[in-house]
Protein chains: 2
Amino acid sequence: MINARVYVTIKQSVLDPQGNAVQNSLHSMGFKEVEKVRVGKFLEIKLDTVDRQEAEKRVRDMCEQLLANTVIEDYRFELEGL
Amino acid sequence: MINARVYVTIKQSVLDPQGNAVQNSLHSMGFKEVEKVRVGKFLEIKLDTVDRQEAEKRVRDMCEQLLANTVIEDYRFELEGL
């Protein structure tokens, strides 16, 4: 069993309206030290496999094909044996 | 400047319909080895402060008050000096 942790973030050059909304809320709640907020996704995926190299290839394919919109999003992931 | 990375995840005991939807999609795309998917949020927050202890307290307050719904979500965060 391999556990993949996938992080999907909006590219730096792309506007992040959700991040701006969170930032505005934090400011109005008194957290004035907040300079910038970016919101992304975090996925935990359990894979029924033991082949780490194969898992890496498969998770990359999942990211490219479904989990991330690579036009506006970056992704990175870590694998962890269970 | 301190950079906080906040991870908000749905508690293990709570249903995750978004995770199930992603899992079903991955299965129908041929990724049959996927056993479970949980979807959470990942936030990057830039703080205009240099006091690490104070930053830790403030980020915890942000999580408790806005970023996480602690009834159904867990959170954890890391701080990184810039």
Side-chain angles (χ1 to χ4, degrees), chain A residues 1-12 16 18-52 54-68 73-78 82, chain B residues 1-12 16 18-52 54-68 73-78 82:
Chain A
M1 190 83 86
I2 285 177
N3 205 11
R5 294 160 174 269
V6 181
Y7 307 87
V8 180
T9 50
I10 294 178
K11 284 182 202 260
Q12 286 301 330
D16 177 7
Q18 196 185 355
N20 293 342
V22 171
Q23 183 176 342
N24 291 340
S25 296
L26 288 171
H27 276 187
S28 65
M29 292 166 73
F31 297 104
K32 302 288 186 194
E33 72 269 44
V34 173
E35 288 235 317
K36 196 177 181 191
V37 179
R38 307 282 290 179
V39 179
K41 278 177 292 183
F42 169 59
L43 295 102
E44 287 182 306
I45 304 177
K46 262 192 203 157
L47 300 169
D48 183 17
T49 177
V50 286
D51 183 338
R52 217 179 165 85
E54 176 67 12
E56 196 169 323
K57 190 190 165 304
R58 295 286 279 177
V59 174
R60 183 166 297 116
D61 287 347
M62 290 178 209
C63 289
E64 293 282 340
Q65 292 174 32
L66 181 75
L67 306 179
E73 292 173 325
D74 290 321
Y75 66 87
R76 65 190 170 82
F77 60 87
E78 300 152 3
L82 288 186
Chain B
M1 193 83 87
I2 285 175
N3 205 12
R5 293 160 175 269
V6 180
Y7 307 87
V8 179
T9 48
I10 294 177
K11 285 183 202 258
Q12 286 300 330
D16 178 5
Q18 195 185 354
N20 292 343
V22 171
Q23 183 176 342
N24 290 340
S25 295
L26 287 171
H27 276 188
S28 66
M29 291 167 72
F31 297 104
K32 302 289 186 196
E33 72 269 46
V34 173
E35 287 236 318
K36 196 177 179 190
V37 179
R38 306 283 288 178
V39 179
K41 279 177 292 186
F42 169 58
L43 295 101
E44 287 183 305
I45 304 177
K46 264 192 200 159
L47 300 168
D48 183 17
T49 178
V50 287
D51 184 337
R52 216 179 166 84
E54 176 67 13
E56 194 168 326
K57 190 191 164 303
R58 296 285 280 177
V59 173
R60 183 166 296 116
D61 287 348
M62 291 178 209
C63 289
E64 293 282 340
Q65 293 173 34
L66 181 75
L67 305 180
E73 292 173 325
D74 291 321
Y75 66 86
R76 64 189 170 83
F77 60 86
E78 301 152 3
L82 289 186

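Because only heavy atoms are used, hydrogens play no part in the values below, and waters and symmetry mates are left out as well, while side chains stay in. All chains are named by letter (A, B, ...) in the order of the sequence lines, taking the proteins before the strands, and each is independently numbered beginning at 1. Everything numeric in this text was worked out from a predicted model, so none of it was measured.
- Applying side chain to side chain contact (heavy atoms under 4.5 Å, CB included) to B:F77 and the options B:R5, B:M62, B:R60 leaves one that passes, B:R60.
- Legend: residues meeting side chain to side chain contact (heavy atoms under 4.5 Å, CB included) with A:K57, ordered by chain and number and at least two apart, are A:D61.
- The closest side-chain heavy-atom distance from A:M1 to A:N3 is not below 4.5 Å.
- Only the side chain of B:Y7 comes within less than 4.5 Å of a heavy atom in chain A; its backbone stays farther off.
- A 4.5 Å side-chain heavy-atom check between A:K41 and A:E73 finds at least one atom pair inside the cut-off.
- Considering only heavy-atom pairs separated by less than 4.5 Å from chain B, the leading option among A:V6, A:V8, A:I45, A:D48 is A:D48.
- When the heavy atoms of residues 19-27 of chain B are compared with those of chain A, the residues falling under 4.5 Å are B:V22, B:S25, B:L26, listed by number.
- By the 4.5 Å heavy-atom criterion applied to side chains, A:T9 and A:R38 are not counted as neighbours.
- Between A:L47 and B:V34, the closest side-chain pair of non-hydrogen atoms falls below 4.5 Å.
- A heavy-atom distance below 4.5 Å is not found between the side chains of B:V59 and B:I2.
- Note on A:V39, A:L66, A:T49: by heavy-atom pairs under 4.5 Å with chain B, the leading option is A:L66.
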